[in-house]
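Below: one structure, written as structure tokens.
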Amino acid sequence: MTVSVDDVQRAVQRIAGRVRRTPVIEVAPGVTFKLELLQHTGSFKPRGAFNRLLTAKENGELGGPGIVAASGGNHGLAAAYAARELGVPARIFVPETTPAAKLGKLQTLGADIVQVGNEYAEAYQAALQAQSESGALLVHAYDQPEVVAGQGTVGLEILEQVGDFDTVLVAVGGGGLIGGIATAIGDNAQVVGVEPALAPTMNRALHAEQPTDGPVGGVAADSLGARRLGDLAFHAVQAHHVRSVLVDDESIVAARKQLWTTYHLATEHGGAVAWAALASGAYEPADGERVVVVVCGANTDPGTLT
């Protein structure tokens, strides 16, 4: 199964009025930020969650049991928010290592929160078991067509808002965002996936020519902590020749600090990963190259920014 640009365009119509059309700002000549950290719940994730739930509602699949989801934090927030807006129950499984800032926000959304295991993969297995027992709708964090198509609406907005650009830098975890943006952007620009060196799901998949399990670690693991790239994302990054760049934890920490001190953007570490590629020199644009950086997440303890 694959996701098409037509799927992304339908997602735009389906989620209209449910999500924000986030702004773009030019921060330097040839460098533009897409401020998806200003989305509802502090990340791009509500786009995919709403598209999944609203598609299920159209098909008569969204019933009394509500939804179940597993998350490192941001997807859980988005799924719980979408469920609350549509008036259905939500049960969210998160690792025991989920940051307090994300747990606190989850608690305000009225979801049933279950902490299990030390990483996303363990929470996901528990969510699968709960879904099987309850008949609730599973809302996957990154590897469902409706979720990927919803995240792809970020790419269509970039095409409309920025106009002429050459490259888009996108953080990669499980791959929902990179898969959606690559599908939406197509051949209009080069899409570059930026990953923590300690959780290189896409880079590993490209080298192995298939999604492959691997260890998860580093400062951005709470938001980019999938063990493997999703199948839908893998198809999209292959089809659209997405490039891979890795950044180390030191670069991510420095980029997050710079986003705050220079641009007054409060991001989590995962939200700073795409910028880290440019700020550290891991990605070096050519002369005159116009780059868009997707700043994708804000769910952090503000006390750690300084």
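As the structure is a computational prediction, the values presented were derived from the model and not from experiment. In what follows, residues are counted from 1 in the order of the sequence shown.
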- side chain to side chain donor-acceptor pair (under 3.5 Å) with Ser4: which of Asp6, Asp7, Thr2? Asp7
- Task: Would you indicate whether Asn59, at its atom CG, is surrounded by more than 12 heavy atoms from other residues, nucleotides or ligands within a distance under 6.0 Å?
- Result: yes
- With side chain to side chain contact (heavy atoms under 4.5 Å, CB included) as the test, would you mind laying out the steps for Val192 and Tyr283 before giving the verdict? CA-CA 9 Å; Val192 176; Tyr283 181 81; 4.0 Å; yes
- Applied to residues 220-252, the ring pair (Phe, Tyr, Trp, His ring centres under 6.0 Å) test, sequence neighbours excluded, yields none
- Message: Within a 6.0 Å radius of atom CD on Glu289, are there more than 12 heavy atoms belonging to other residues, nucleotides or ligands?
- Response: yes
- Message: Quick one: does any side-chain atom of Arg52 pair with a main-chain N or O of Leu138 as donor and acceptor, under 3.5 Å?
- Response: yes
- Query: Quick one: are Thr153 and Val8 in side-chain contact, heavy atoms under 4.5 Å?
  - Reply: yes
- Closest non-hydrogen atoms of Gly271 and Leu259, given as atom of the first, atom of the second and distance, are O-CD1, 4.4 Å
- Just by distance, do the side chain of Glu195 and the backbone of Met202 share a donor-acceptor pair under 3.5 Å? yes
- Message: Check whether Asn203 reaches the backbone of Val245 with its side chain - one donor and one acceptor, N or O, closer than 3.5 Å.
- Response: no
- Task: For the pair Lys45 (side chain) and Gly73 (backbone), establish whether a donor and an acceptor sit closer than 3.5 Å, ignoring hydrogens and angles.
- Result: no
- Message: With a 3.5 Å distance limit and no angle check, can you tell me whether His75 reaches the backbone of Val139 through a side-chain donor-acceptor pair?
- Response: yes
- Item | Minimum-distance pair of heavy atoms, taken over all atoms of Val293 and Trp275 | CG1-N, 3.7 Å
- Query: Heavy-atom distance under 4.5 Å between the side chains of Arg256 and Thr300, does that happen here?
  - Reply: yes
- Message: Please evaluate residues Glu36 and Arg47 with respect to the criterion salt bridge (Lys or Arg N to Asp or Glu O under 4.0 Å), reporting the C-alpha separation (whole Å), side-chain torsions for both, the decisive distance (0.1 Å), and the verdict.
- Response: CA-CA 11 Å; Glu36 198 58 21; Arg47 296 172 182 269; 2.6 Å; yes
- Decide yes or no for Pro23 and Leu38: does some side-chain heavy atom of the first lie under 4.5 Å from some side-chain heavy atom of the second? yes
- Item | Spacing of Leu106 atom CG and Ile92 atom CD1 [to the nearest 0.5 Å] | 6.5 Å
- Message: Please find the pair of heavy atoms, one from Val242 and one from Ala182, that lie closest to each other, and give the distance.
- Response: CG2-CB, 3.8 Å
- Would you say Thr41 and Asn74 make side-chain contact, with heavy atoms under 4.5 Å? no
- Task: List the atom of Pro211, the atom of Ala205, and the distance in Å for their closest heavy-atom pair.
- Result: CA-CB, 3.8 Å
- Item | Distance-only donor-acceptor check, side chains Arg91 and Ser134, under 3.5 Å | no
- Message: To the closest 0.5 Å, what do you measure between CD (Gln258) and OG (Ser251)?
- Response: 11.0 Å
- Message: I need the Asn299 CG to Asp222 CG distance, nearest 0.5 Å.
- Response: 9.0 Å
- Item | Parallel, tilted or perpendicular: rings of Tyr142 and His140 (30°, 60°) | perpendicular
- Look at the side chain of Gln107 and the backbone N and O of Ile113, then say whether any donor-acceptor pair between them is shorter than 3.5 Å. no
- Item | Closest non-hydrogen atom pair, Ser223 against Gly270 | OG-CA, 3.4 Å
- Item | Straight-line distance of Lys102 NZ to Glu268 CD, nearest 0.5 Å | 4.0 Å
- Query: Around atom CD of Glu61, are there more than 12 heavy atoms of other residues, nucleotides or ligands at under 6.0 Å?
  - Reply: yes
- Query: Are Leu224 and Val168 connected in the hydrophobic side-chain network, where two residues link if heavy atoms are under 4.5 Å apart?
  - Reply: no
- Return yes if some donor-acceptor pair links the side-chain N/O of Gln115 with the main-chain N/O of Val94 below 3.5 Å, else return no. no
- Should Leu77 and Phe50 be regarded as members of a common hydrophobic cluster, given that ILVMFWY residues are connected when their side-chain heavy atoms come within less than 4.5 Å of each other, either directly or indirectly? yes
- Could you give the distance from CG (Leu278) to CD (Glu284), rounded to the nearest 0.5 Å? 9.5 Å
- Item | Sidechain-backbone polar pair: Arg204 side chain, Thr212 backbone, donor-acceptor under 3.5 Å | yes
- Item | Check: Glu119 side chain, Pro95 main-chain N or O, donor-acceptor pair, under 3.5 Å | no
- Would you kindly say whether Thr55 and Arg10 are connected by a side-chain donor-acceptor distance under 3.5 Å? no
- Distance-only polar pair, side chains of Glu133 and Gln129, donor-acceptor under 3.5 Å: yes
- Task: Give the intermediate values and the outcome of side chain to side chain contact (heavy atoms under 4.5 Å, CB included) for residues Glu85 and His40.
- Result: CA-CA 12 Å; Glu85 292 298 296; His40 293 299; over 6 Å; no
- Mind listing the closest non-hydrogen atom pair of Asp248 and Ala197 along with its distance? CA-CB, 4.4 Å
- Message: Side-chain heavy atoms nearer than 4.5 Å, only ILVMFWY residues, links allowed to pass through others: does that put Leu305 and Val253 together?
- Response: no
- Message: Nearest 0.5 Å, please: how far is CZ in Arg21 from CD in Gln161?
- Response: 4.5 Å
- Query: Hey, are the side chains of Arg243 and Thr167 touching, using non-hydrogen atoms and a 4.5 Å cut-off?
  - Reply: no
- Is there side-chain contact between Ile25 and Tyr263, with at least one heavy-atom pair below 4.5 Å? no
- side chain to side chain contact (heavy atoms under 4.5 Å, CB included) partner of Leu229, chosen from Asp213, Asp143, Thr201: Thr201
- Task: Verify the neighbour count for atom CD of Glu209: are there more than 12 heavy atoms of other residues, nucleotides or ligands below 6.0 Å?
- Result: no
- Sidechain-backbone polar pair: Thr183 side chain, Gly179 backbone, donor-acceptor under 3.5 Å: yes
- Taking it one step at a time, do Val294 and Ile158 satisfy side chain to side chain contact (heavy atoms under 4.5 Å, CB included)? CA-CA 9 Å; Val294 181; Ile158 291 171; 4.0 Å; yes
- Query: Are the side chains of Ile67 and Leu62 in touch, meaning some heavy atoms are under 4.5 Å apart?
  - Reply: yes
- Leu169-Ile185 co-clustered via ILVMFWY side chain contacts under 4.5 Å: no
- Task: Start with the C-alpha gap between Phe33 and Leu265, add the side-chain angles, then the distance that decides, and say whether side chain to side chain contact (heavy atoms under 4.5 Å, CB included) holds.
- Result: CA-CA 11 Å; Phe33 286 171; Leu265 296 174; 3.7 Å; yes
- Message: Using the rule that Ile, Leu, Val, Met, Phe, Trp and Tyr join whenever any side-chain heavy atoms are under 4.5 Å apart, tell me whether Val24 and Val27 fall into a single cluster.
- Response: no
